[in-house]
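In what follows, residues are counted from 1 in the order of the sequence shown.
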Amino acid sequence: KGLKYVARTTVGADNTALAMGSGDMEVFATPAMVALMEHAAMHAVAADLPEGSTTVGASMETTHVRPSAAAEAELVETEGRRLTFRVAAFDGEALIGEGTHVRYIVDRAKFLSKL
């Protein structure tokens with residue numbers, strides 16, 4: 001518990017709601033914010049995983065109330081292979097989105113062999 005990672009991005013033409021099809025304005029897209037939160041969660045635990053393991057996203061419950069360019073994830077609970085993160089997105093110091101994200105630790109090779 002307590003592992004953290006902060007991910008940052010610049011809002012540009014490729015991650016706006018208009019470009020991603022989630023809206024019709026050139027503002028930071030909710031799908032891009034969720035991806036940034038998942039990126040932070042993945043990196044928060046990556047260095048502590050067993051060799052050959054990774055994590056995969058299973059659920060995301062979040063809000064998005066203003067544009068954002070930074071997200072952080074903090075590991076708040078572990079239960080076997082299940083990892084639960086508190087995720088938040090910021091525009092400078094202002095909180096603009098937050099939620100809970102669940103990921104599972106998987107063996108990369110076994111996971112890919114099932115596709």
Side-chain angles (χ1 to χ4, degrees):
K1 289 185 181 180
L3 297 175
K4 289 185 182 182
Y5 186 88
V6 176
R8 290 182 173 78
T9 192
T10 301
V11 179
D14 62 335
N15 61 5
T16 66
L18 180 62
M20 297 188 83
S22 64
D24 60 4
M25 294 189 293
E26 291 186 343
V27 297
F28 194 52
T30 299
M33 183 191 76
V34 169
L36 192 62
M37 289 174 164
E38 283 201 87
H39 180 82
M42 176 188 67
H43 283 285
V45 297
D48 290 359
L49 294 176
E51 181 75 27
S53 294
T54 189
T55 61
V56 294
S59 70
M60 177 70 77
E61 181 180 325
T62 188
T63 62
H64 186 188
V65 296
R66 290 181 41 196
S68 168
E72 76 173 26
E74 177 181 0
L75 183 62
V76 294
E77 183 180 338
T78 61
E79 184 178 318
R81 297 181 311 116
R82 180 185 166 124
L83 307 173
T84 302
F85 297 85
R86 181 191 63 77
V87 291
F90 299 89
D91 182 15
E93 296 295 316
L95 178 71
I96 63 88
E98 62 185 335
T100 302
H101 177 45
V102 174
R103 298 183 73 80
Y104 284 88
I105 300 170
V106 298
D107 179 275
R108 185 183 306 268
K110 284 183 183 178
F111 185 84
L112 291 174
S113 73
K114 295 177 183 179
L115 300 179

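- Between Leu83 and Val45, the closest side-chain pair of non-hydrogen atoms falls below 4.5 Å.
- Atoms NZ and CG, on Lys114 and Asp107 in that order, are 9.0 Å from each other to the nearest 0.5 Å.
- Counting non-hydrogen atoms of other residues, nucleotides and ligands closer than 6.0 Å to CG of Asp14 gives a total above 12.
- Nearest heavy-atom pair, Met20 versus Pro31, reported as atom, atom and distance to 0.1 Å: CE-CB, 4.0 Å.
- Rounding to the nearest 0.5 angstrom, the gap separating the CZ atom in Phe90 from the CG atom in Leu95 is 5.5 Å.
- Put simply, OG on Ser53 and CZ on Arg108 are 8.5 Å apart, with the number rounded to the nearest 0.5 Å.
- Counting heavy atoms from C-beta outward, Phe28 and Met33 have side chains that approach closer than 4.5 Å.
- Residues Ile96 and His64 form a side-chain contact, since some pair of their non-hydrogen atoms from C-beta on lies under 4.5 Å apart.
- In this structure, Glu38 CD and Phe85 CZ are separated by 10.0 Å, a value rounded to the nearest 0.5 Å.
- Of all heavy-atom pairs between Thr30 and Ser22, the closest is N-OG, 4.3 Å.
- In summary, of the residues considered (Met60, Arg86, Glu98), a side chain to side chain contact (heavy atoms under 4.5 Å, CB included) with Met37 occurs for Met60 alone.
- Atom OG1 in Thr84 sits 8.0 Å away from atom CG in Leu75 (nearest 0.5 Å).
- Between Gly57 and His101, the closest heavy-atom pair is CA-CE1, 3.9 Å.
- Note that the CD atom of Glu74 and the CD atom of Glu72 stand 7.0 Å from one another [nearest 0.5 Å].
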* Yes or no on side-chain contact (heavy atoms from CB on, under 4.5 Å) for Thr16 and Val27, after CA distance, side-chain angles and deciding distance? -> CA-CA 5 Å; Thr16 66; Val27 297; over 6 Å; no
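- A salt bridge does not link Glu77 to Arg82: none of the charged nitrogens lies less than 4.0 Å from a carboxylate oxygen.
- The side-chain heavy atoms of His39 and Thr9, taken from C-beta on, include no pair separated by under 4.5 Å.
- Among all heavy-atom pairs drawn from Ala40 and Tyr5, the shortest one is O-CB, 3.4 Å.
- Asn15 contributes a side-chain N or O that, together with a main-chain N or O of Thr10, makes up a donor-acceptor pair within less than 3.5 Å.
- Among Leu112, Val56, Thr55, Leu49, the one residue that satisfies the side chain to side chain contact (heavy atoms under 4.5 Å, CB included) test with Val106 is Val56.
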